[in-house]
Number of protein chains: 2
Amino acid sequence: MTENDKLTEERIFEAATDVFVDKGMDGARMQDIASYAGINKALLHYYFRTKDQLFNAVFEMIARKILKKFAPVFDENLTIEAKIRFFFREHIAFLQENPKLPGFILNEINRNPARIKKLLKNIHFEKLWEKLYEQHKAELDNYNITEDTMPQLMVSIAAISVFPFAAKGLIEGILEKVGLDFNKFIEERKEFAAAFVIKAIKK
Amino acid sequence: MTENDKLTEERIFEAATDVFVDKGMDGARMQDIASYAGINKALLHYYFRTKDQLFNAVFEMIARKILKKFAPVFDENLTIEAKIRFFFREHIAFLQENPKLPGFILNEINRNPARIKKLLKNIHFEKLWEKLYEQHKAELDNYNITEDTMPQLMVSIAAISVFPFAAKGLIEGILEKVGLDFNKFIEERKEFAAAFVIKAIKK
DNA sequence: ATTAGGTTTAACCGAATGGTCAAAAGTATT
DNA sequence: AATACTTTTGACCATTCGGTTAAACCTAAT
């Protein structure tokens, strides 16, 4: 029973994840999720009372998954440059396996900015900030990184990693027209991005 | 009459633009657009037969508007560095006035990747490419730009400019938590981004 | 004043959608 | 086998939504 339970609920959850990520909250249909999970629509409401509830469960799971991917940046004991290389390699690899996540997340943040504030509440950026600073204090003399430009740098790094996936349709289209392959472009990007950023910040 | 015509149709179009950009195709409601334009819902269908037709009109207008903003990069007679500075200054300024466009465009591209291919059909990237190369042939010795890395560079530049707006809700939330203001962050970004990219590509 | 044209509206329609319900089916306990 | 409980289903409901229609309204020409 409890075994079968888990199976059904899990099947629903996975189906919901697929459909929501693909169509977004507004575009997703409960019937689609049910069909995709191979069950009756009423059973959806039996396990997750409303569409909102189901969506929230999916969204939170995905958000947690993503935040987890960022964590190593603050933990790993590496030099600045090694960390940058590590980040792009791991993060882009993650996005290669989940190429639709950026578009989904960005869109849903736009649709409901309040939700994200709730998620951010439990993260103490000042602490992470200080931790990061402590880790690399000695190195910083060799780089053009100040307290002012740090947020700019972080956003730029995120942008360089995430944007190609958020704009996949567009970039894929353009690359195709000049005879290039999106997947190869992404594969090369892991190295390019790291070198690019390192060069930009080095004194 | 024809004066009033223009006024009504224009009012509808502007209302539709606002609502579509805000809610996306799936989230937008014809009734909302009608109310926003101060007219009856039936009148919407009188001027634009279907929701799809209205949406396509809005989308194409916006796409054209954006592409126009990119054009100067290929025309202006400036050095590479001046062009990069010019681009970030102008493009970010444009996004400051239209902060919701990136999210809208990216989301709709995801929803219907076929549409973008149709739009790209009329743009000949190979020609723009060559034109750009001709313009800066003499300068290129001073920069680490090759045929291989050119697409990576272009995407990175776009990413650095567009991403903060596409992820506005998220970035705003994080900046707030460390006592920073999004608008100021963006204002400073014009200069930072240019310096960052120039430093990254300089030999 | 009447006619003819486009413009605007209220009322309505059918399909789709999120959600409910009562009954059926399945399972475990006694 | 009977009982009690959970899971699953088909049928159904209320509302929302894109879209239609016929009539009212407005304006200009005759």
Side-chain angles (χ1 to χ4, degrees), chain A residues 1-62 104 107-108 110-112 114-115, chain B residues 1-62 104 107-108 110-112 114-115:
Chain A
M1 259 352 66
T2 188
E3 180 57 22
N4 217 321
D5 256 26
K6 270 277 144 61
L7 237 121
T8 302
E9 190 168 339
E10 220 165 278
R11 267 207 345 262
I12 291 176
F13 195 80
E14 279 164 21
T17 303
D18 283 352
V19 174
F20 276 133
V21 167
D22 208 53
K23 307 281 180 93
M25 167 68 170
D26 289 334
R29 300 285 157 246
M30 292 299 266
Q31 182 56 59
D32 290 351
I33 296 174
S35 303
Y36 205 87
I39 55 155
N40 191 285
K41 185 167 63 108
L43 201 55
L44 269 188
H45 293 279
Y46 177 74
Y47 281 96
F48 300 85
R49 217 148 305 170
T50 67
K51 187 185 183 184
D52 265 286
Q53 212 165 103
L54 179 53
F55 176 81
N56 284 337
V58 168
F59 185 84
E60 266 190 41
M61 179 276 269
I62 291 179
F104 170 72
N107 184 38
E108 296 304 332
N110 266 355
R111 208 176 53 82
N112 183 355
R115 192 202 328 271
Chain B
M1 262 346 71
T2 187
E3 180 57 20
N4 216 321
D5 257 26
K6 271 275 142 62
L7 238 123
T8 302
E9 190 168 340
E10 221 165 277
R11 266 206 346 262
I12 291 177
F13 195 80
E14 280 164 21
T17 303
D18 284 352
V19 174
F20 276 132
V21 167
D22 208 53
K23 308 280 180 98
M25 167 68 170
D26 288 335
R29 299 286 159 247
M30 291 300 264
Q31 183 55 61
D32 289 351
I33 296 175
S35 303
Y36 204 87
I39 56 155
N40 191 284
K41 185 167 63 110
L43 201 55
L44 269 189
H45 292 279
Y46 178 73
Y47 282 96
F48 300 85
R49 219 150 304 170
T50 67
K51 187 185 182 185
D52 266 285
Q53 212 164 102
L54 179 53
F55 177 82
N56 284 336
V58 168
F59 186 85
E60 266 190 40
M61 180 276 271
I62 290 179
F104 169 72
N107 184 37
E108 295 305 333
N110 266 355
R111 207 176 53 82
N112 183 356
R115 193 202 326 273

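Residue numbers begin at 1 in each chain, while the letters A, B, ... track the order of the sequences. Just so you know, these numbers come straight off a predicted model, no measurement behind them.
- One interatomic measurement links the two molecules: CZ of B:F55 to C1' of D:dG18, which rounds to 16 Å at whole-angstrom precision.
- For the pair A:F48 CZ and C:dG19 C1', the interatomic distance rounds to 16 Å; values are reported in whole Å.
- A donor-acceptor distance shorter than 3.5 angstrom exists from the side chain of B:E108 to the backbone of B:M25, with no hydrogens or angles considered.
- Whole-Å rounding puts the B:N40 CG to D:dT20 P distance at 14 Å.
- If you take NZ of A:K51 and P of D:dT15, they are 19 Å apart, rounded to a whole angstrom.
- No more than 12 heavy-atom neighbours from other residues, nucleotides or ligands sit within 6.0 angstrom of OH on B:Y36.
- The separation between A:Q53 atom CD and C:dG18 atom P is 15 Å, rounded to whole Å.
- Distance, A:R49 CZ to C:dT20 P: 9 Å, rounded to whole Å.
- Rounded to a whole Å, the CG atom of B:L43 is 11 Å from the C1' atom of C:dG6.
- Residue contacts for B:A28: at a heavy-atom cut-off of 4.0 Å it reaches the sugar-phosphate backbone alone, with no base atom in range.
- Within the 4.5 Å cutoff, the side chain of A:H45 has heavy atoms near those of the A:M30 side chain.
- Using a 4.0 Å cut-off, no side-chain N or O of B:R29 falls inside it from OP1 or OP2 of D:dT16.
- Between B:Y46 and the phosphate of C:dT9, there is no side-chain N or O to OP1/OP2 separation shorter than 4.0 Å.
- Taking only distance into account, the side chain of B:K41 meets the base of D:dG18 through a donor-acceptor pair shorter than 3.5 Å.
- In this structure, A:R115 is not positioned above the aromatic face of A:F55 in the sense of NZ or CZ being under 6.0 Å from the six-membered ring centre and within 45° of the axis.
- Heavy-atom nearest nucleotides on DNA chain C were determined for A:A42 and for A:D26, and the one closer to the 5' end corresponds to A:D26.
- Regarding A:I33, its CD1 atom lies at a distance of 11 Å from the P atom of C:dG19, rounded to whole Å.
- Between A:I33 and A:F20 the shortest side-chain heavy-atom distance falls below 4.5 Å.
- Side-chain nitrogen and oxygen atoms of A:T8 include at least one within less than 4.0 Å of the OP1 or OP2 phosphate oxygen of D:dT8.
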